Novice: 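Once you've had a glance at the structure underneath, I'll fire off some questions.
Note that the structure is a prediction, hence the values are computed from the model and not measured. Order of the sequence lines fixes the chain letters, A, B, ..., with proteins taken first and strands second; residue numbering starts at 1 for each chain.
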Amino acid sequence: MAAVQDGPIESESDKETKTDVLNDGAGNITGSSTGVLSSPPNATSSDTGAAKPMAPPPGPENQQTLLAVLQYLKKNNLLESVDILRREAGLSDDEDSQGTDGSGSAANADEGGNANSLLNRVSIATPAPVAVPAAPPPKASGGEDQPDVNVVLSAYSQQGDPALYDTYYTGLKNFIESVLDCHRAELSQLFYPLFVHMYLELVYNNHEQVGKTFFDKFSGDQECYYQDDLRVLSSVSKREHMRGNETLLDFRTSKFVLRISRDSYQLLKRHLQERQNNQIWNIIQEHLYIDIFDGMPRSKSQIDSMSGSLAGEARREANKVKVFYGLLKEPEIEVPLDDEDEEAENEEGKPKKKKPKKDSMGNKSKKQDPNAPQQARIPLPELKDSDKLDKIMNLKEATKRIRLGPEALPSICFYSFLNAYQGLTAVDFTDDSSLIAGGFADSTVRVWSVTPKKLRRVKSAVDLNVIDKDSDDVLERIMDDKTASESKVMYGHTGPVYGISFSSDRNYLLSSSEDGTVRLWSLQTYTCLVGYKGHNYPVWDTQFSPFGYYFISGGHDRVARLWATDHYQPLRIFAGHLGDVTCTQFHPNSNYVATGSADRTVRMWDVLNGNCVRILTGHKGPIHSLAFSPNGKFLASGATDGRVLLWDIGHGLMIGDLKGHTDTVYALKFSRDGEILASGSMDNTVRLWNAYKAFDDVETDDFTSATGHIHLPENSHELLLGTYMTKSTPVIHLHFTRRNLLLTAGAYNPQ
Amino acid sequence: MADERRQKQCTVVLPTESVKVMAESAGVQLQEESCVALSDEVSYRIKEIAQDALKFMHHGKRRKLTTSDIDHALKMKNVEPLYGFQSQEFIPFRFASGGGRELHFYEEKEVDLSDIINTPLPRVPLDVSLKAHWLSIEGVQPAIPENPPPAPKEQQKAESTEPLKAVKPGQEEEGGIQTKGQGATSAEAKGKKEGMMRIKPRSTHELSVEQQLYYKEITEACVGSCEAKRAEALQSIATDPGLYQMLPRFSTFISEGVRVNVVQNNLALLIYLMRMVKALMDNPTLYLEKYLHELLPAVVTCIVSKQLCLRPDVDNHWALRDFAARLMAQSCKTFSTTTNNIQSRITKTFTKSLLDEKTQWTTRYGCIAGLSELGPDVIKTLILARLSIEGARIKSVMEGPVVSNIDKIGADHVQSLLLKHCASVIAKTRPLPDVVDQYRTDYGYLGPMLCSHVVKARAQAVLQAQQVNRTTLTITQPRPSLTVTQSGLGGSVGSRPPSIIKVPSSLTLMSTRPGTPTQPSPPATKYIVMQTSAGAASTQQVITLTSAQSGSPITSTVSSTPSSLQPMVKVESGGGGGVAGARPLQKYIVVSLPTSASAAAASSLDPKGTGGAPHVTTSPLTMETVKMERSESPAASTQSPH
């Protein structure tokens with residue numbers, strides 16, 4: 001069979017040659033001795049050869065150097081030297097005997113031990129006949145694959161006897177189980193990354209069967225939150241699979257980060273040195289990053305709360321950058337705005353009861369907040385008159401705002417989408433709660449008005465020409481009353497719309513879709529203005545900056561992009577996530593963005609320089625919702641594991657873990673004054689949490705931000721203020737009106 | 001468990017046979033080895049695609065993976081998506097097995113284009129629309145149809161079966177839900193909870209003003225005189241999802257009501273109350289287990305009480321007993337667990353008084369009815385064994401010196417009841433042939449009658465087997481009854497009806513006269529026409545086919561009473577008038593009752609042929625039909641006032 005396929009496979013085998021040079025050499029000799037044409041047995045023999053040279057006893061280090069030299073010679077086409085060296089090193093004898101053995105009894109011997117994939121055999125076998133007569137220089141024909149393979153080669157070439165992996169792992173396991181309790185928890189963190197890398201080594205070196213037994217034996221020991229990765233891993237059983245598998249790529253390219261106290265680390269080091277356990281030591285050196293800290297080892301629960309991400313915990317220094325999480329003070333505009341506002345109030349004949357409050361606000365914004373970024377740190381669009389009017393409205397509403405608390409829970413109004421046939425994928429409300437937009441799986445974007453005011457288009461250009469432009473009500477005149485309706489449908493995307501976001505001035509709507517584009521829609525004409533192309537893969541989420549103009553998008557290509565509405569190319573590309581960027585959110589001061597990812601981390605990025613300023617680990621599933629507290633100090637994130645985590649941005653610390661939901665949390669929102677956090681989930685519930693208490697408890701705690709080891713109180717049930725079941729409607733969006741009424745939305749899902 | 005699953009995860013691969021089959025279908029012969037290689041590769045790719053498709057499902061905010069998710073995943077991998085596998089809701093594969101092979105296949109029907117062209121276009125699917133409702137008002141969830149019932153049935157069940165579990169320290173969550181369910185503001189509930197950790201949280205049973213009004217209206221309608229209102233009220237009880245909080249009130253109402261009305265022998269009210277119980281049990285959102293201690297005694301009372309009505313010789317309290325017995329059987333089936341042992345306790349109670357020599361006929365009837373409804377197994381073990389003893393007892397009343405009319409009626413009823421229930425069981429268990437003498441030796445006095453009933457039951461079974469594919473409304477209980485002895489009781493022709501009631505139930509089967517159930521209002525004549533035709537049909541058929549049950553009662557009359565044709569004629573005109581004329585008042589009370597499927601209840605009024613008829617026709621015992629009946633019952637009730 002191999003012979004039959006020789007021809008067509010050749011090109012692919014060329015790619016392989018580089019990685020398999022050594023194997024080729026081994027095959028070469030046997031091949032020439034048995035005859036060039038007998039390729040099938042040749043193929044099998046060559047791969048016995050491939051496996052064997054690693055196995056025989058004579059000092060693994062020596063042999064490895066030899067192999068490296070051989071490889072080098074081979075690369076430079078010094079075939080004779082290869083032969084000579086081989087002979088002198090005594091490798092040939094070994095192999096010859098093995099080879100003839102193998103070729104004599106065809107494939108019988110190697111089926112069990114190193115059952116190679118057929119494809120692999122073919123690829124190894126083909127160069128043999130070719131190499132003898134001509135020995136063409138193996139060229140990197142496989143372009144994009146090549147670097148990957150090289151990485152892998154350097155990463156996994158030093159392999160030992162596959163049978164010993166089991167022993168190594170068991171040895172380490174026994175050791176870790178025997179150490180003192182305080183160290184055990186810390187050292188247990190090693191299990192998962194070691195397990196993965198050992199398995200991948202086995203797979204890479206074609207020990208499929210051994211790998212499988214290894215996996216079966218030890219996969220059960222791993223923490224349950226690695227389940228998803230293990231599932232991916234379990235499907236990988238051949239070297240071919242490793243190419244192009246993103247999860248594995250992440251494992252190879254990024255070091256798994258562990259935090260271990262110095263004592264525990266010493267313990268481990270001593271053990272490994274005593275045992276001469278180089279295999280494990282090598283993996284630790286090459287693939288793991290051990291963040292050593294001085295002080296008390298952490299407890300099991302502390303470790304569990306922080307771990308779970310694809311690449312281990314965040315390095316400590318990753319979260320050291322100062323983040324200006326304070327709010328921007330309402331700039332110069334504040335003063336005229338104040339006046340205007342008062343005027344407006346006076347006009348309405350209301351007493352100036354708001355005056356004192358205004359003053360206090362003014363005081364606050366007098367550069368008191370040391371944590372606020374500079375006003376012009378990033379350029380923000382200037383406020384237009386309409387924006388100012390809106391701000392006035394906002395302030396007016398704010399005076400009527402209900403003050404929420406555990407005693408005063410918000411009323412919840414639920415907007416159900418009927419007849420959506422499971423097609424509703426995204427929802428957003430405008431800040432003033434007058435419009436709802438929905439993104440649907442059928443590629444449409446729909447906008448509803450929830451106030452009696454109907455949606456109208458601007459008149460056509462011809463009609464606009466006729467209008468008297470100097471009249472006072474020109475804004476009213478440009479609207480076409482004939483188009484008034486309660487909802488508008490916008491077509492343009494060619495795939496499900498996964499993200500949707502209103503601009504703060506209600507003039508624009510953004511939508512992101514499976515088709516890889518982000519579209520900007522005008523809410524005056526209800527047409528598409530721009531299609532932003534950049535992501536080549538589905539764009540999972542997009543979000544407008546609270547000040548408008550900027551927006552962020554994140555998608556399957558693992559990067560988040562920052563755009564400005566008037567640029568067709570992104571201004572910043574935030575790369576670093578190891579999985580899809582599943583959700584995005586702007587910080588209230590617009591200087592930072594937060595992104596949640598399928599790699600189970602949340603990252604915060606600086607808009608100014610594009611740096612990653614926070615890496616927050618602790619979720620055990622892809623993150624699907626993010627929310628900043630109104631004061632900008634805290635971040636809440638919700639994931640498929642049904643948990644909501646609270647983060648202190650200034651210290652980069654987890655400060656709360658809200659358990660209660662039983663399914664993915666798709667929506668999070670803080671009330672306008674930050675007292676209450678609402679969460680909505682796939683489990684058809686809306687839950688209200690006492691955010692004030694959650695933050696307060698921790699704030700009074702004098703935690704040491706230096707180590708970042710906090711002990712989370714198990715108090716989710718105390719923080720839970722209410723659970724509200726819907727009939728059969730997953731909750732996918734939440735919004736607090738300016739008066740603190742909670743609006744929720746979801747598609748009714750008849751059963 | 002996780003381990004097992006994981007093991008499975010890494011071993012699942014596409015069987016090589018499948019690969020081979022696929023290759024063959026494409027006209028390629030593959031060697032075993034290549035199949036293995038291919039199956040490995042394909043399995044890996046499939047898993048990869050499935051994992052990607054999962055992402056699309058998550059982002060689509062769905063719980064179900066759809067075919068479009070897979071298409072998108074393929075597209076992401078730069079693979080052309082599959083065409084022709086669109087399915088919005090379900091996976092269109094069907095499963096088949098046989099011959100040692102199991103396979104899933106995609107059913108592709110041949111479509112005739114002209115059919116599609118000629119059929120009118122389906123309705124355009126509704127457009128997406130928005131609807132707003134209050135999920136919570138200042139922390140309290142209003143009980144409106146848009147919201148789920150305050151406490152889901154599972155939770156009610158959990159609460160009642162494991163009341164302490166909810167407040168164990170580790171399980172605060174459930175407690176939280178519970179307090180929410182009670183509608184108390186969570187803040188105060190929390191305070192309470194911290195105070196008493198291990199005590200079952202006190203549940204507040206405050207009713208809102210609306211609920212109080214509702215309760216008042218419903219209870220008044222249920223026991224009031226207007227049958228239309230009653231039907232509506234019962235319908236509401238049976239379907240409204242938000243009754244959880246009122247359940248304790250209802251159960252107390254029922255239990256108190258039964259207590260009072262038994263003493264006053266107010267049969268009508270007892271029947272109304274039992275219908276309420278039935279409606280409560282029918283409500284899919286209620287879990288009654290917590291209130292059984294009130295409801296069950298009430299029901300048992302209605303089954304076995306010595307006296308349920310003022311004139312036991314005339315009123316058909318037997319129907320009430322039958323109805324209550326069925327309720328009891330239903331609740332045994334639903335609520336009996338190993339911890340509460342309802343069924344065994346009830347069975348014991350019945351058996352005890354059945355064994356008692358001094359038990360009156362009425363109670364005896366109730367016991368037997370109650371036991372019989374519990375199923376053939378109970379009949380077999382507890383009743384069949386006592387047939388000969390009961391038979392002797394009946395004989396002593398029937399053939400002995402006349403003691404009292406009441407005793408006689410009682411014995412008569414017990415006899416027909418025994419025959420009715422035992423015949424079907426015997427027909428199933430006893431081997432052929434049915435020899436009268438043998439029956440006599442086995443079952444004593446009742447033997448010969450039993451024998452004829454069994455024969456009929458068997459014949460019927462055969463008939464049913466033939467009619468399997470006709471749309472039958474449960475003919476589950478063949479109820480042949482009416483015996484020779486009965487006819488002797490001149491005055492109590494009314495006792496016969498149970499059989500006649502059954503007639504129509506089989507008649508509906510024939511479905512030739514849809515007019516009868518729909519227009520019951522022109523009462524007497526209409527009904528009679530039907531009845532005669534039924535009778536005529538049956539009398540003719542009986543001989544030839546021994547057709548449906550319709551035949552059975554009449555044949556029995558044929559065989560037993562020589563005046564076989566007369567009853568029918570009587571029913572038509574004279575018989576009905578005569579009896580009804582005697583005691584018109586009480587008849588009316590009972591008239592309204594059989595709406596709630598208590599078919600037998602109609603018995604006594606049947607001969608009078610007025611209001612009973614429409615019920616009778618619609619009284620198949622199935623639950624499904626109950627609802628339909630309700631809509632008709634107003635019509636029936638309208639007759640009662642006059």
Novice: Any non-hydrogen side-chain atom of A/Phe417 less than 4.5 Å from a side-chain atom of A/Ile732?
Specialist: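 With C-beta onward as the side chain, the pair stays apart.
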Novice: Donor-acceptor check, side chain of B/Asp71 to backbone of B/Pro81, threshold 3.5 angstrom: yes or no?
Specialist: no
Novice: Which bit of A/Tyr666 is near chain B, if near means a heavy-atom gap under 4.5 Å: side chain, backbone, both or neither?
Specialist: side chain
Novice: Against chain B, label A/Pro622 side chain, backbone, both or neither, depending on which of its atoms sit under 4.5 Å from a heavy atom there.
Specialist: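 Contact with chain B: none, neither part.
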Novice: Report which part of A/Ile436 has an atom under 4.5 Å of a heavy atom belonging to chain B: side chain, backbone, both, or neither.
Specialist: side chain
Novice: Is the shortest side-chain N to carboxylate O distance from B/Glu41 to B/Arg45 below 4.0 Å?
Specialist: yes
Novice: With a 3.5 Å cut-off and no angle check, do the side chains of A/Thr685 and A/His661 form a donor-acceptor pair?
Specialist: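 Side-chain D/A pair, A/Thr685 to A/His661: present.
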Novice: I'd like to know if the side chain of B/Gln141 and the backbone of A/Met725 have a donor-acceptor N/O pair within less than 3.5 Å.
Specialist: yes
Novice: Under a 4.5 Å heavy-atom cutoff, which of B/Asp40, B/Leu135, B/Ile137, B/Asp127 has the most pairs with chain A?
Specialist: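 Option with the top pair count is B/Leu135.
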Novice: I need the residue from A/Val686, A/Asp663, A/Thr744 with the largest number of non-hydrogen atom pairs under 4.5 Å to chain B.
Specialist: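 Looking at each of A/Val686, A/Asp663, A/Thr744 in turn, A/Asp663 comes out on top.
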Novice: Taking B/Trp134, B/Tyr44, B/Phe56 one by one, which has the highest count of heavy-atom pairs under 4.5 Å against chain A?
Specialist: B/Tyr44
Novice: Are the side chain of A/Asn684 and the backbone N or O of A/Ser728 linked by a donor-acceptor pair below 3.5 Å?
Specialist: no
Novice: Please rank A/Ile412, A/Leu688, A/Thr425 by heavy-atom pairs under 4.5 Å with chain B and give me the top one.
Specialist: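 Heavy-atom pair counts peak at A/Ile412.
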Novice: Does B/Gln51 CD have over 12 foreign heavy atoms under 6.0 Å away?
Specialist: yes
Novice: I'd like to know which of B/Lys61, B/Lys75, B/Glu146, B/His58 tops the heavy-atom pair count under 4.5 Å against chain A.
Specialist: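 Most heavy-atom pairs under 4.5 Å with chain A: B/Lys61.
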Novice: Quick check for you: among A/Leu424, A/Thr664, A/Thr582, which has the greatest number of heavy-atom pairs under 4.5 Å with chain B?
Specialist: A/Thr582
Novice: Counting heavy-atom pairs closer than 4.5 Å to chain B, which one of A/Pro410, A/Ala420, A/Ala441 comes out on top?
Specialist: A/Pro410
Novice: Counting only heavy atoms closer than 4.5 Å, note whether A/Tyr537 contacts chain B via side chain, backbone, both or neither.
Specialist: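 When you check distances to chain B, only side chain atoms of A/Tyr537 fall under 4.5 Å.
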Novice: Establish, from distance only, whether the side-chain atoms of B/Tyr214 and B/Glu210 form a donor-acceptor pair under 3.5 Å.
Specialist: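 B/Tyr214 vs B/Glu210: no donor-acceptor pair found between side chains.
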